[in-house]
Amino acid sequence: MRRAAARKRRDAETRAKARTRVRVWRQEHPDRVRDYQRGWVEANRDKVREYYNRYYRTHRDEVNARATARRDADPAGPAASKQAWAADHREHRAELQRVRRADPDVYSAELEANAAARRLKRALARAGLPSKRLHPATAAERRANERAAVAFFGDPALPEHIRQATLFSESLTKHMLKHHARMREFAESYVATRDRMGLPRVNLDDVTWARAVDVVLDRRRRVDLLTSRDVAAAVRTARAALRRAEQKRRYDQVVKAVASHVRRNRARLAADADMENRARMTRGKPRVDPHDLVVMIAMRDVSSRPHLGPIRSTDVRNLMVSVRQQLAALPSPSRGAAEPELRTERWELHNLG
C-alpha cells in the first residue's frame, strides 16, 4: 500500500509538471497553437458541427441569452455586420427578393401597401399637415423598453405614486390659478433682495414656480414617492393651464371692449363702414355686410389700445362671433328694433391688417 501510494503521488506530480510545461509552451507559442486549432477544425468540420449542435440543444436558453446580451451591449456591431453582408452579397439578395415577389399574393400586397402610403402622403399634404413620421425601434430598444415597462408597472408602489403625482399636479394648478400674482410678487422681491446683496442673478420665472412648488409641497401630507420628473411634469401642466386661463381672460376682455366700443360709437362706425363699402365697390370688390364691417372696424380700433395689445389673426373669426352674440343679447337703446338679425358668417378679414 505504501509503494502504491508513492507511485500514485509520483504520477500526479509528473502530470502536474506536464500540464505546467504545456501551459507555458502554449503561452510562448500562441501562433502555432492557433494554427493547430484551425487545422484540426478544418479537418473535423463534422465533429465541430456536432459538438456545437449538441451544446446548443442542451443549453439553448443560455446561448440565446448570451447572444442577445452581446447584441444589446454593442448594437452597432450587428448592424455593421448586416450592412457588410448585404454589400458583399448583392446578387444573392436580389435573387431572394425575386423569389419572394414571384408569389402573386405577396407582390400585390406590397403594391397595395405602397399605394396606400402614397395616398396618405398626398392627403396629408392637401390638408397642410406634416408627413407621417415613424421612429423605427431596433430589437435592442424594444427589449430595453420592455424591461423598463416591466420594472415600472411591476412596482407595487405604482398606484400610490400615480395618486400622489396626480393630486400634486392638480393642487399646483389650482394654487397658481388663484395666487399667481402673489407668487410673482414674492419672486420679484426675492430677486431684488439678491441684487441688493450682490448675489448672482436668478430667473424670475424659475423663482416663481419654485416658490409655488414649495408652498404646495408643504400643504401635501403624502409626497414621499414624488420624483423630480413628477414635479417637472406638474409644473408644465400648471404652466399650460395658466396660459390658457390668461388667453381666455384676454379674449373675454377684448370681446367686452369691442362690444362696448360698438355700442358707444355706432353712428361713427356705421359711417366708416358705409365709406369702406363704397371704396370696395370702387376697387371692384364685393360689399361686406354692414354689421360685420362695423365689428371689424371696432376690432381694429380696440387692437390699438396698449393694455389690450394686437388681436391674433387666429382669434379674429371667433371674436367676431362672440361680439355679435353679445351685442344681440345686450341690445342698446341706439339699436333699432327692426335691425336685421346678426350673422356669423366667415368674411375676409384682410382689412384688420
Side-chain angles (χ1 to χ4, degrees), residues 1-103 106 109-110 134-161 224-225 227-230:
M1 294 298 292
R2 285 194 297 268
R3 287 195 299 271
R7 186 171 58 252
K8 290 181 180 180
R9 185 168 55 252
R10 288 193 302 270
D11 292 343
E13 291 175 356
T14 301
R15 287 194 298 270
K17 291 179 181 179
R19 286 195 298 270
T20 303
R21 187 171 58 254
V22 169
R23 183 170 60 252
V24 172
W25 187 89
R26 290 170 64 90
Q27 293 175 356
E28 293 177 352
H29 304 85
D31 296 336
R32 296 179 61 180
V33 173
R34 191 180 306 111
D35 294 340
Y36 171 79
Q37 291 177 345
R38 289 177 178 174
W40 190 91
V41 169
E42 291 294 336
N44 300 272
R45 283 289 181 183
D46 296 337
K47 289 184 178 180
V48 172
R49 188 177 298 106
E50 178 60 26
Y51 296 156
Y52 283 163
N53 293 337
R54 187 190 311 161
Y55 182 85
Y56 181 75
R57 287 193 299 269
T58 309
H59 306 84
R60 183 189 304 271
D61 296 337
E62 298 177 10
V63 173
N64 292 337
R66 286 198 298 268
T68 301
R70 185 168 58 253
R71 290 193 299 268
D72 292 349
D74 183 22
S81 300
K82 288 182 180 180
Q83 292 178 0
W85 186 90
D88 296 338
H89 301 81
R90 289 192 177 91
E91 295 297 333
H92 182 57
R93 292 178 67 246
E95 180 62 25
L96 292 177
Q97 291 177 359
R98 283 193 292 269
V99 171
R100 181 175 181 273
R101 293 177 179 175
D103 188 351
V106 173
E110 289 185 355
L134 295 178
H135 171 64
T138 62
E141 293 176 347
R142 291 195 297 271
R143 285 190 290 269
N145 295 337
E146 183 177 358
R147 289 193 295 268
V150 170
F152 179 78
F153 291 105
D155 185 6
L158 178 62
E160 177 62 21
H161 183 189
D224 54 307
L225 298 179
T227 63
S228 59
R229 290 188 176 184
D230 300 328

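Only this structure's heavy atoms are used, side chains among them; waters, hydrogens and symmetry mates stay out.
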Val41 side chain near Arg38 side chain, heavy-atom distance below 4.5 Å: no
Pairwise distance CG(Leu158) to CZ(Phe152) - rounded to 0.5 angstrom: 4.5 Å
Residues forming a side-chain hydrogen bond (donor to acceptor under 3.5 Å, both in side chains) with Tyr52, sequence neighbours excluded: none
Check: His161 and Asp155 side chains under 4.5 Å, non-hydrogen atoms: no
Side-chain donor or acceptor of Arg142 paired with backbone N/O of Ala137 under 3.5 Å: yes
Straight-line distance of Lys47 NZ to Arg49 CZ, nearest 0.5 Å: 13.5 Å
Approximate separation, where rounding is to 0.5 Å, of Tyr51 OH and Asp46 CG: 11.0 Å
Residue pair Arg7 / Arg10, side-chain heavy-atom distance below 4.5 Å: yes
Gln97 atom CD: more than 12 heavy-atom contacts under 6.0 Å: yes
Flag if over 12 foreign heavy atoms under 6.0 Å of CZ, Arg66: yes
Interatomic spacing from CD in Glu62 to OH in Tyr56 - rounded to 0.5 Å: 12.0 Å
salt_bridge(Arg57, Glu50) N-O dist < 4.0 Å: yes
Those residues that, when tested against Asp61, pass salt bridge (Lys or Arg N to Asp or Glu O under 4.0 Å) (two or more places apart): none
Pair Thr227-Asp230, side-chain donor/acceptor within less than 3.5 Å: yes
Intermediate values then yes/no, side chain to side chain contact (heavy atoms under 4.5 Å, CB included), Thr68 and Arg71: CA-CA 5 Å; Thr68 301; Arg71 290 193 299 268; 3.4 Å; yes
Test side chain to side chain contact (heavy atoms under 4.5 Å, CB included) applied to Lys17 and Thr14, step by step: CA-CA 5 Å; Lys17 291 179 181 179; Thr14 301; 5.8 Å; no
More than 12 heavy atoms of other groups within 6.0 Å of Glu91 CD: no
Ring geometry between His89 and Trp85 (parallel below 30°, tilted from 30 to 60°, perpendicular above 60°): parallel
Salt bridge (charged side-chain N to carboxylate O under 4.0 Å, His left out) assessment of Asp31 paired with Arg34: CA-CA 5 Å; Asp31 296 336; Arg34 191 180 306 111; 3.0 Å; yes
Arg90: partners by salt bridge (Lys or Arg N to Asp or Glu O under 4.0 Å), with sequence neighbours left out: none
SB check Asp11 Lys8 (cutoff 4.0 Å): no
Candidate pair Glu95 and Val99, rule side chain to side chain contact (heavy atoms under 4.5 Å, CB included), full reasoning: CA-CA 6 Å; Glu95 180 62 25; Val99 171; 3.7 Å; yes
Leu225 versus Ala157, closest heavy-atom pair with distance: CD1-O, 3.8 Å
